[in-house]
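Report on the structure given below.
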Amino acid sequence: MPTFSRRGFIAATLAAGAVRTVPAIATRTGGRRILTLVYDKSLGALRAVERWVP
């Protein structure tokens with residue numbers, strides 16, 4: 001079982017929530033989704049950043 005710091009747990013929880021809500025929003029608004037991977041120094045890991053382009 002992985003051990004999460006408080007910051008890591010919050011990030012994982014938000015990511016899990018986004019996985020459920022983002023597809024529903026995408027079907028309503030249309031447009032394109034651009035996914036960029038960035039290195040987050042505070043987490044010490046890569047994270048995904050999404051942008052919506054009409």
Side-chain angles (χ1 to χ4, degrees):
M1 179 170 164
T3 57
F4 286 117
S5 65
R6 180 181 299 180
R7 187 178 291 165
F9 176 76
I10 291 171
T13 303
L14 290 175
V19 165
R20 291 175 34 175
T21 58
V22 168
I25 294 170
T27 57
R28 283 186 241 150
T29 60
R32 283 190 327 178
R33 186 171 62 176
I34 297 175
L35 180 67
T36 306
L37 293 176
V38 295
Y39 184 75
D40 189 347
K41 290 181 183 177
S42 63
L43 291 175
L46 285 174
R47 68 182 179 108
V49 176
E50 290 182 316
R51 286 189 310 160
W52 295 101
V53 179

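No experiment lies behind these values; they were computed from the predicted model shown.
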For A48, check side-chain contact (heavy atoms from CB on, under 4.5 Å) against everything at least two apart and list the hits.
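Counting only residues at least two positions away or on another chain, A48 forms a side-chain contact (heavy atoms from CB on, under 4.5 Å) with L35, L37.
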Separation of T36 OG1 from R51 CZ (nearest 0.5 Å)
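Here the interatomic distance stands at 6.0 Å.
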In residues 6-18, what donor-acceptor pairs under 3.5 Å come from side-chain atoms, sequence neighbours left out?
from: R7; atom 1: NH1; to: S42; atom 2: O; distance (Å): 3.4
from: T13; atom 1: OG1; to: F9; atom 2: O; distance (Å): 2.8

